[in-house]
Amino acid sequence: MSSTSAHFATSRRMAVYQPNHQISMWGNSFKADISQNTGASTIVEADTKLDNRLEDIPRESLGPSKRYDQEANKPADKVVRRLAQNREAARKSRLRKKAYVQQLESSRIKLAQLEQELERARQQGVYIGGHLGDATLGLPGTVNSGVAAFEMEYGHWVEEQNRQTRELRAALQAHVSDIELHMLVESGMSHYDDLFRIKAIAAKSDVFYLMSGMWKTAVERFFLWIGGFRPSELLKVLTSQLDPLTEQQLVAVHNLQLSSQQAEYALSQGMDRLQQTIVETLASDLLGASGAANCMGQMANAMGELEALVSFVNQADHLRQQALQQMYKILTTRQAARALLALGDYFQRLRALSSLWAARPREPA
Amino acid sequence: MQQAIPYSKGAAWVRRSNDGRRPPVEPAAMAARCVASSGDIRRVVEENPVVVVGRRGCCMVHVVRRLLLGQGVNPTVCEVGEDADEAALIGELHPEMAAEGGDGGAHLRGQGMVLPAVFIGGRLVGGLDRLMAVHISGELVPILKQAGALWL
């Protein structure tokens, strides 16, 4: 209660002030909800009640007894009202808090789930929202649109490959005609062409991303060679599945494997040479004070040398394509269908192994 | 369309059966290298059975060389300056081809005249792409033998 000053000349002002004071009190506890209306209506009530009281009082100083009466009545009403409102406010506040906490809990659970999914997806090599080319940033920095586009297209490519593999299996089990098999084999071969095509575009966009193998699953990455599978390894997988082969075919397949190994060796040697070149460029005159111009010249040279990586990835993909096409030439239609099925199955198993590995139960730290 | 060297499609050939994985052949002498101007290149190509023309410091030249060494030949490597003009080279080596149309360089690049370029028996085989394709299809060794670069 404000001061018990008895000056009734100011009593009207007091009447005016009090409601305001009350409004601010209520405003703080109710935080801009409907209770303010209650406050306002109460103020109106208070005003009218006070006004009524004041009307009864002549405008000279009254005896203390009358003044006391008035003030005794005022607190009782107001206090009761205020207590009721406080109870109401507190109840509403408790309800709000409960709702808020419940919302927080469910958000927390959802966040934990999302984090788990992200971790799993990351381990499987689908890198969302960032790329490893920019290793200096700890966070996913600028998203390279070429990389994002490639990831999407590669995702579609894998789905289509799985579908084609299922179709091949069904066709072979149903003993369909050679003509139908031929069509399936043709689509299979051109599907691999599609892969090399999108890889070529991605290589121009971010060759280091392609070389890192982050677009593949973990186990596939283990077998990575210059941004993709090693042709001779794949040929080994195939030949074990393709009995019976004629003598001529056996020789041809053996020669193909040999040629592939030789080409792979040549490319690997070239990569080693490239590494050496870049090391020499960067390491020249490390301690010397040859000045900024020289350093920039070095960087410019190194940049030019790095460009060769794009050629290497392209040549490696070209080798993969050539090896597949040569295999296709050697085999009959039915054998080619079985070869494509075997390849599709093999890649599926590699991916499945990656998922299993990622999901394996681990010992608590 | 002009083919540098005609070749048959899909003919299987037989290597000696006791060929294991052939170890890379390191010749006792270093592969002959020349740093040449375009005028000299034509002469080198005519005088040597296997010639690789490439830019200095290019790692693909190394790949080509390794591949050919693996087949048992010792290629002559001709290095051109890093800023050598491909179109000028083509004009030098194949004047009849360059005469076709204004953009002879691009036309030939479509045919595989990129650097590094491989010449066998004085004739252009193509770039690394083409060399790989010929190698995988099994036609490289017959071509080498035909040019006298390989003996059985």
Side-chain angles (χ1 to χ4, degrees), chain A residues 226 231-232 235 245-278 280-281 300-302 304-312 314-331, chain B residues 7-26 31 52 54-73 75 77 82-83 112 114-116 118 126-144:
Chain A
I226 311 187
S232 57
L235 291 173
L245 293 172
T246 68
E247 191 64 37
Q248 199 182 31
Q249 281 179 324
L250 277 171
V251 167
V253 166
H254 172 75
N255 288 334
L256 173 57
Q257 197 157 337
L258 214 56
S259 308
S260 189
Q261 280 173 337
Q262 287 163 346
E264 287 163 30
Y265 176 75
L267 279 172
S268 297
Q269 289 287 296
M271 287 283 279
D272 285 352
R273 170 61 74 91
L274 181 61
Q275 277 187 344
Q276 222 178 301
T277 310
I278 295 177
E280 279 166 20
T281 303
N301 289 341
E305 283 149 11
L306 279 182
E307 293 281 341
L309 264 179
V310 179
S311 303
F312 272 102
N314 288 338
Q315 289 298 333
D317 275 348
H318 181 68
L319 175 61
R320 289 170 188 123
Q321 202 174 29
Q322 291 295 310
L324 284 171
Q325 282 173 2
Q326 181 67 12
M327 199 62 176
Y328 172 67
K329 277 188 217 161
I330 296 172
L331 299 175
Chain B
Y7 64 97
S8 61
K9 289 189 195 258
W13 53 273
V14 186
R15 288 199 202 193
R16 287 174 299 181
S17 57
N18 60 359
D19 239 8
R21 186 190 186 292
R22 214 186 282 217
V25 175
E26 279 294 359
V52 181
R55 293 185 200 279
R56 200 177 318 122
C58 172
C59 294
M60 288 304 178
V61 173
H62 193 66
V63 175
V64 170
R65 191 167 159 265
R66 275 288 160 194
L67 193 54
L68 291 169
L69 285 173
Q71 303 308 297
V73 303
V77 177
E82 277 160 20
D83 45 359
V114 291
L115 295 184
V118 180
L128 179 53
D129 265 15
R130 183 85 202 288
L131 186 68
M132 286 275 209
V134 167
H135 173 63
I136 290 291
S137 62
E139 290 145 344
L140 182 57
V141 169
I143 293 171
L144 288 171

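Everything numeric here is computed off the predicted structure, so don't read it as measured data. To find a chain, count down the sequence lines: A is the first, B the second, and so on, and within it residues start at 1.
Chain B forms more heavy-atom pairs under 4.5 Å with one residue of Gln325(A), Glu305(A), His318(A), Gln322(A) than with any other, namely His318(A). Between chain B and the options Met271(A), Gln321(A), Gln315(A), the largest number of non-hydrogen pairs under 4.5 Å is found for Gln315(A).
Only the side chain of Leu319(A) has a heavy atom closer than 4.5 Å to any heavy atom of chain B. For a residue to count as touching a neighbouring chain, one of its non-hydrogen atoms must lie under 4.5 Å from one of that chain's; by this rule Thr277(A) touches chain B with the side chain only. Looking at Ala323(A), the atoms closer than 4.5 Å to chain B (heavy atoms on both sides) all sit in the backbone: N, CA, C or O.
Contact check for Val63(B) versus Gln269(A): no side-chain heavy atoms found under the 4.5 Å cut-off. Side-chain contact between Leu267(A) and Met132(B) is present, with at least one heavy-atom pair separated by less than 4.5 Å.
Using modelled atom types, no side-chain atom of His62(B) and backbone atom of Arg273(A) make a donor-acceptor pair closer than 3.5 Å.
Take Gln276(A) and apply the side chain to side chain contact (heavy atoms under 4.5 Å, CB included) test, not counting sequence neighbours, and it matches Glu280(A). For Asp317(A), the side chain to side chain donor-acceptor pair (under 3.5 Å) partners two or more places apart in sequence, or in a different chain, are Lys199(A), Arg320(A).
Shown here for Cys59(B) and Gly270(A), the closest heavy-atom pair between the two residues is CB-O, 4.0 Å. Taking all atoms of both residues into account, the shortest heavy-atom contact from Phe312(A) to Met60(B) is N-CE, 3.5 Å.
For the atom pair NE2 (His135(B)) and OG (Ser260(A)), the distance works out to 8.0 Å, reported to the nearest 0.5 Å.
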